[in-house]
Number of protein chains: 2
Amino acid sequence: MLQHSILETLPEPLRREVLSGLQPLHFEHGRILFRAGDPCQGLPLVLNGSVKVQMTGLSGHSIVLYRMGADDICTLSIGCLMTGDGFRAEAVVEDDAEVFMVPRGLFDRLMDQSADFRLGIMESYGRRLNDLMLLVEEVAFRRMDERLFQWLEARVRQGIITITHQELAVELGTAREVVSRLLKEFERKGMLRLARGKIEFTGSFPR
Amino acid sequence: MLQHSILETLPEPLRREVLSGLQPLHFEHGRILFRAGDPCQGLPLVLNGSVKVQMTGLSGHSIVLYRMGADDICTLSIGCLMTGDGFRAEAVVEDDAEVFMVPRGLFDRLMDQSADFRLGIMESYGRRLNDLMLLVEEVAFRRMDERLFQWLEARVRQGIITITHQELAVELGTAREVVSRLLKEFERKGMLRLARGKIEFTGSFPR
DNA sequence: CAGGCCTGTGTGACTTTATCACTGAACCGT
DNA sequence: ACGGTTCAGTGATAAAGTCACACAGGCCTG
């Protein structure tokens, strides 16, 4: 079922009209929703799948800022939509995703006509702001080994994950070598097994 | 003249009504607009002065996230206003400030009735999101000496600034010792002179 | 105005993280 | 099987964070 909760709150005639006017766009794993500098085409409503948003600094390093999943709204786009500025980050599809792209005109109309839509947008914005604030705190003050551990912990249930040390470094905003060394240490402690492009959790990974 | 550009865009009868219903609140240097955990009372529109927003991590360390000045909107409050969650950060007045506090009901009404108001809110949100993204990048990848230098550079014109190393550490999200050492090095290079609670720029501070 | 107190600053020793440079292993296509 | 490419491991060194403590400046109080 292709739907997005923020559209379900619309009053009936409007909802039907909007839904009939939008067709879902499919994006496969690895596709880029937008790149840094791109102008904003519309507000993406993520129906399913998973999209990560990351930025690359002047230094040339990248860091993942947050992810969007089912029922998420790409709030970052709104600012660009309003000011006409280009994106400062890029969005990469991780798990194949379907997206409604709401054009500027329709967005304005929905903001005008539905209090629930406005509420949904504001809530989404608030969450994103909070996420970023927490990320700042994490990057500024938390130790790398803890952060890496937590990242892995959230994925233990998958048993094996497919990711390179370089990608993991981008997740945490650090250098590949740092990730390699820390992972090696985890391996020495028996928490996981390393292979090229893969990390396998052992039963003894602490939970 | 006490006004805020986002209110000036309102259609005339509404603008007059809103303005007559709001009286500016005065906050002196050092006053706390809100603390972490506080519920949100309304949307603060900053008329003048300067307010810094900072958060304290689990680690007990703090970092300044951004500042608000004349004509700014405390977008952070909107999320809290919508979800009813408490603030995750605190706002401290630096230069005496005057603020319109827009209560929830009025905010909803303005969002409903003015497209320009909506635009202003969305733009403000977009800017804040961009600021935070840049901060993440800065904290994750930039060298401390450069960041400290830039922070000082932005204040060279004041000649002397009154700030402790501890406060400066919070500005940058680092440890006091790191700031002390870097400042000492700047002093050795002749860029500035240090005194208890003060930093004096010399003519040779590079610009 | 001497002494005590609090806050702010300086610094050594050590750990963690980042950077640089390079090696070798694993995989891919032909 | 070979050669190229991507990935991972590691030593050396620099930058930044942590811990512990000494001491200096300003302020209050007797």
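Chain naming here is simple, since letters A, B, ... match the order of the sequence lines and numbering starts at 1 in each.
Here the nucleotide nearest the side chain of Ser180(A), chosen from dT9(C), dT19(C), dG9(D), is dG9(D). In the set dA18(C), dT10(D), dG9(D), dA18(C) carries the atom at the smallest distance from any side-chain atom of Met144(A). Taking every side-chain heavy atom of Arg196(B) into account, dG8(C) is the closest of dG10(C), dT19(C), dG8(C). Among the nucleotides dG17(D), dG8(C), dA16(D), the one closest to the side chain of Thr164(B) is dG8(C). Of the listed nucleotides (dT9(C), dT11(C), dC20(C)), dT9(C) has the atom at the smallest distance from the side chain of His165(B). The listed nucleotides are dC20(C), dA20(D), dG9(D); the one nearest the side chain of Arg176(B) is dA20(D). Proximity note for Leu194(A) (side chain, C-beta onward) versus dG17(D), dG8(C), dG9(D): the nearest is dG9(D). Listed nucleotides dG9(D), dT17(C), dA16(D) differ in distance to Lys184(A); the shortest reach to its side chain belongs to dG9(D).
The aromatic rings of Phe107(A) and Phe117(A) sit perpendicular to each other, their planes meeting at more than 60°, with 30° as the lower class boundary. Ring planes of Phe87(B) and Phe34(B): parallel class, angle under 30° (limits at 30 and 60°).
The distance between the ring centers of Phe149(A) and Phe205(A) falls below 6.0 angstrom.
Put simply, CD1 on Ile199(B) is 14 Å from P on dG8(C), counting in whole angstrom units. Nucleotide dA8(D) holds its P atom 10 Å from the NZ atom of Lys198(A), rounded to whole Å. Nucleotide dT10(D) holds its P atom 13 Å from the CD atom of Glu177(A), rounded to whole Å. Regarding Arg193(A), its CZ atom lies at a distance of 17 Å from the P atom of dA8(D), rounded to whole Å. The CG-P distance, from Leu168(A) to dG9(D), rounds to 12 Å in whole Å. Rounded to whole Å, the distance from CD1 on Ile63(A) to P on dT17(C) is 15 Å. Put simply, CZ on Phe186(B) is 14 Å from P on dG10(C), counting in whole angstrom units. Whole-Å rounding puts the Glu138(B) CD to dA18(C) C1' distance at 17 Å.
At most 12 heavy atoms of other shown residues, nucleotides or ligands fall within 6.0 angstrom of atom CZ in Arg35(B). No more than 12 heavy atoms of other residues, nucleotides or ligands lie within 6.0 Å of CD in Glu28(A), so this atom counts as exposed by the packing criterion.
Under a 4.0 Å N-O distance rule, the pair Arg127(A)/Asp131(A) does not qualify as a salt bridge.
Of the two residues contacting DNA chain D, namely Glu146(B) and Leu183(A), the nearest-nucleotide position lying further toward the 5' end is that of Leu183(A). Place Ala195(A) and Phe141(A) on DNA chain D by their nearest nucleotides, and Ala195(A) ends up nearer the 5' end.
Look at His61(A) and you'll find a side-chain N or O under 4.0 angstrom from OP1 or OP2 of dT19(C).
The base of dT17(C) lies outside donor-acceptor range of the side chain of Arg142(A), with no N or O pair under 3.5 Å. For Arg181(A) against dT17(C), no side-chain N or O and base N or O form a donor-acceptor pair under 3.5 Å.
Looking at heavy-atom distances under 4.0 Å, Arg143(B) makes contact with sugar-phosphate atoms alone, never a base.
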